[in-house]
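Beneath this line is the structure, given in structure tokens, with notes to follow.
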Amino acid sequence: MKKLYSILFLFSSLLIVIIYSGQGCSNVPLEKLEAPLAPFLKPRSELCVIPPAEKGKYTRVLFIVDVSGSNATDVKQESGEVVPASDPTKDRRYNAMNKFFQENKDNTFISWGLEVFSYDNSGLQLIDNNINGVTRNFGDSNEFSKALAKFKGTKDSNGTPYLAAVSSARKALENEVKYLKTLNLEEEPSYHIIFISDGFPTDKSEETIFGEIDLLKVAVGTGQLYLSTVYYNSATQDSPIFIPPKDLLKKMAEHGKGRFQDASQGADINISDLIVSGIFKESYWIKDFYVYNLNASICFDYKIGVDSDADGMCDSDEQSINEQLDFFDGVSGAATAQPNGITEEDAKKAAGRRFDPQSRYSFDTKFNDFIMYRHVFLRSTLPSCTDDGTITDQDHDLLNRCEEEYLRADSAQAITSSWTEVLQILGNKAQDTHFDSDGDGIIDSLEFLFFGGNKSNSVFSPNIVEYFNGRSYRDYFFEHQSPFVPSSSQPYQIKVEFVRKNEFGLVCYNIHQEHLPILSALTVDKSDPYAGDSLKHSANQNVVMIYYTMKLENDPSGPDVTMRYSFQKHSAGNTNQGVSYNDVEFEEVKGFMPESP
């Protein structure tokens, strides 16, 4: 499902002015910033990457808190050293949980859980309800407030059975999953477990605890689970285990895809810093950012030229082919000279059809003109694809299902071995569920069109890192320049620079752009059968696609990626308008690889 987003940019004045040149191509220079106090300051715009809409709406937070005796009583070790009580008033543990709770208690999409553990209270759930015969160990803000009060009244005593604590948490998660089946949520929750302890596991569970953490992941099924840990003992303890407690807790967090916090020197425990994902600190970063003029393609003479209908074929090339077909078909007024490149056999295969520079589908309703050019004149085989009324562009990459079938390689290769394996199992072809089937950052349609119609490129990621004339093909694409005749267009000169993480944990970038060439295109006034009105434009107007893909910070190379994109229309002759990244409305689509063919 597509969702509109207004991306707010903290803006320091970015304006690109479009000036029409008499040769049909104009430069769009970046306007200088008027800043008397900082005359050399360059304009910039800041983009902070907001998490995808479908992530992190429903959240479960479960605290697992140590209430062993070392919290309240000094411990004399074998060495004779006396280890002072870790938290005799419970203030460190209570204040940490309560601070985080007070910051988030008004969020009705969060459900809260609190478990304490010692040998006297081995995995005791402080919220324990029965709802229509289903046990539930999570509650709303009111119930969690009562659970915190119960925690204050719980006696600190005896040992720290880690395994029993995590096992009890697993049961609480299983109960929650059963409870959720009685609801009709539109998405799976994310689960955040915060494990807080001052000592080593007295049940000798250090070798089996990781297997128990794996069972937590199993318990939540398709939901996201993160286990974070805190160590808050202020002294080095004698430990009967091989792994010191602080190191063990750190390894537990790593295994649970969470974060570790060392509060052993008396520092406050900050729960907010332990939240990895969900509504709190879902750190997404820009994987790729591109600005692409869809009405500027590489022509048969290898130069950048006008492509009014965004089908990958320059208008001049479509018109030239039509003239040659007219010659063979004996059309009145056709050129009398022998055509160059088109044969009589080609003309027979074209069967009287002509390319329309103002329509992407002038030859066939299932395949765009560039694919049909390759089929008719280059003898490229079309896949069998029946128009049963369900042909769509599901992944919004400007290719429909039939066209995705056409894009294939003898042996597909994505950016990771596991992704490659999936692509090969799926038939070495592009997928209509993923706008970037090989994960190289360039969406399938643009990779096919820009790189000369090589139908394997969209599922063969190494092609963009190959070099030609000292530059990679990715660089040529990024600057929208022909690798063969770079001088036929000015480079876009875009820079995307990481600057910071803001106070909400969002990754922020500065976006700079110096030029955006605009060409004199023909009018396209018909709605595209798959792209709708996105590609329609007036004479001398260009459709510019701005898109960026974003990845979860802890999984940068997986196929689970989201794209935000926007189509903007700009006129070559209008010097009063420009491309501005301020308040751009992006649509959003998530790419995924099917689990089976």
Side-chain angles (χ1 to χ4, degrees), residues 5 7 9 11 13-19 25-31 42-49 285-298 304-307 310 312 396-398 435-436 440-451 464 471-483 486 488-498 509-519 521 531 534-535 537 541-550 562-572 574 577-589:
Y5 282 85
I7 306 300
F9 294 13
F11 206 66
S13 178
L14 178 72
L15 178 64
I16 299 177
V17 181
I18 300 174
I19 306 174
C25 178
S26 64
N27 247 352
V28 188
L30 195 66
E31 187 178 74
K42 292 184 178 180
R44 66 185 185 184
S45 64
E46 184 173 89
L47 164 61
C48 297
V49 183
W285 56 282
I286 288 180
K287 182 174 180 288
D288 298 282
F289 183 97
Y290 291 111
V291 176
Y292 194 93
N293 186 344
L294 294 170
N295 300 127
S297 292
I298 300 177
I304 295 287
V306 181
D307 176 13
H396 305 286
D397 62 354
L398 300 178
F435 44 81
D436 180 15
D440 61 10
I442 302 178
I443 64 174
D444 291 344
S445 62
L446 300 186
E447 192 162 2
F448 169 68
L449 299 178
F450 187 84
F451 295 100
I464 67 169
R471 299 180 70 202
S472 72
Y473 283 107
R474 182 196 289 273
D475 290 339
Y476 286 113
F477 180 85
F478 188 61
E479 297 288 2
H480 203 120
Q481 285 189 297
S482 168
S488 63
S489 66
Q490 285 205 308
Y492 284 14
Q493 296 184 357
I494 304 173
K495 292 182 180 179
V496 181
E497 301 172 329
F498 168 80
Y509 299 83
N510 280 337
I511 311 295
H512 306 256
Q513 183 172 354
E514 299 292 335
H515 303 101
L516 179 59
I518 300 296
L519 311 184
S534 300
L535 304 181
H537 59 82
Q541 207 175 46
N542 288 185
V543 179
V544 176
M545 183 179 186
I546 300 173
Y547 80 87
Y548 66 92
T549 57
M550 54 186 179
T562 300
M563 176 175 71
R564 291 204 174 111
Y565 63 96
S566 174
F567 297 104
Q568 298 189 359
K569 300 174 184 180
H570 303 284
S571 300
N574 187 350
Q577 77 162 31
V579 178
S580 171
Y581 296 126
N582 187 26
D583 295 330
V584 173
E585 287 189 333
F586 286 89
E587 293 193 71
E588 180 177 295
V589 59

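Treat the numbers as computed from the prediction; the structure is a model and nothing was measured.
- A 4.5 Å side-chain heavy-atom check between N295 and L519 finds every atom pair outside the cut-off.
- Annotation for D307 and G312: closest pair OD2-N, 2.8 Å, computed over non-hydrogen atoms.
- Distance CZ/R564 to CD1/I546: 14.5 Å, rounded to 0.5 Å.
- Annotation: the span from I511 atom CD1 to F289 atom CZ amounts to 4.5 Å, rounded to 0.5 Å.
- A donor-acceptor pair is defined here as one N or O able to donate and one able to accept, closer than 3.5 Å; such a pair exists between the side chain of E479 and the backbone of Y492.
- Scanning for salt bridge (Lys or Arg N to Asp or Glu O under 4.0 Å) contacts around D288 gives R474, with sequence neighbours left out.
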Any chance you could lay out the side-chain contact (heavy atoms from CB on, under 4.5 Å) test for T549 and D436, step after step, and finish with the verdict? CA-CA 9 Å; T549 57; D436 180 15; 5.6 Å; no

Checking side-chain contact (heavy atoms from CB on, under 4.5 Å) for the pair I286/V49: CA distance, chi angles, key distance, verdict? CA-CA 7 Å; I286 288 180; V49 183; 3.5 Å; yes

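- H537 and A521 get closest at one heavy-atom pair: CE1-CB, 3.8 Å.
- Using cut-offs of 30° and 60° on the angle between ring planes, the pair Y565 and H396 is parallel.
- The backbone N or O of H480 sits less than 3.5 Å from a side-chain atom of S489, completing a donor-acceptor pair.
- The CG atom of D397 sits 10.0 Å away from atom OH of Y547, with the distance rounded to the nearest 0.5 Å.
- Residues Y473 and F450 place their aromatic rings such that the two centres sit no closer than 6.0 Å.
- Remark: aromatic rings of F477 and Y290 are close, center separation under 6.0 Å.
- Contact detail for P483 and I298: the closest heavy-atom pair is CD-CD1, 3.9 Å.
- Side chain of N293 to main chain of P517: a donor-acceptor pair is present (N/O by atom type, distance under 3.5 Å, no hydrogens or angles).
- Taken from CG in L398 to OH in Y292, the straight-line distance is 10.5 Å, to the nearest 0.5 Å.
- In this structure, N542 contributes its side chain and V544 its backbone to no donor-acceptor pair below 3.5 Å.
- When all heavy atoms of F435 and T562 are compared, the closest pair comes out as CZ-C, 3.9 Å.
- Rounding to the nearest 0.5 angstrom, the gap separating the CG atom in L516 from the NE2 atom in H570 is 7.0 Å.
- The two residues I304 and Q481 come nearest to each other via the heavy atoms CD1-C, 4.5 Å.
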Check the pair H512, N510 against side-chain contact (heavy atoms from CB on, under 4.5 Å), reporting the backbone distance first and the verdict last. CA-CA 7 Å; H512 306 256; N510 280 337; 3.6 Å; yes

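- Listed here is the closest heavy atom pair of M563 and I443: SD-CG2, 3.6 Å.
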Show your working on side-chain contact (heavy atoms from CB on, under 4.5 Å) between L47 and Y548 and close with a plain yes or no. CA-CA 11 Å; L47 164 61; Y548 66 92; 4.1 Å; yes

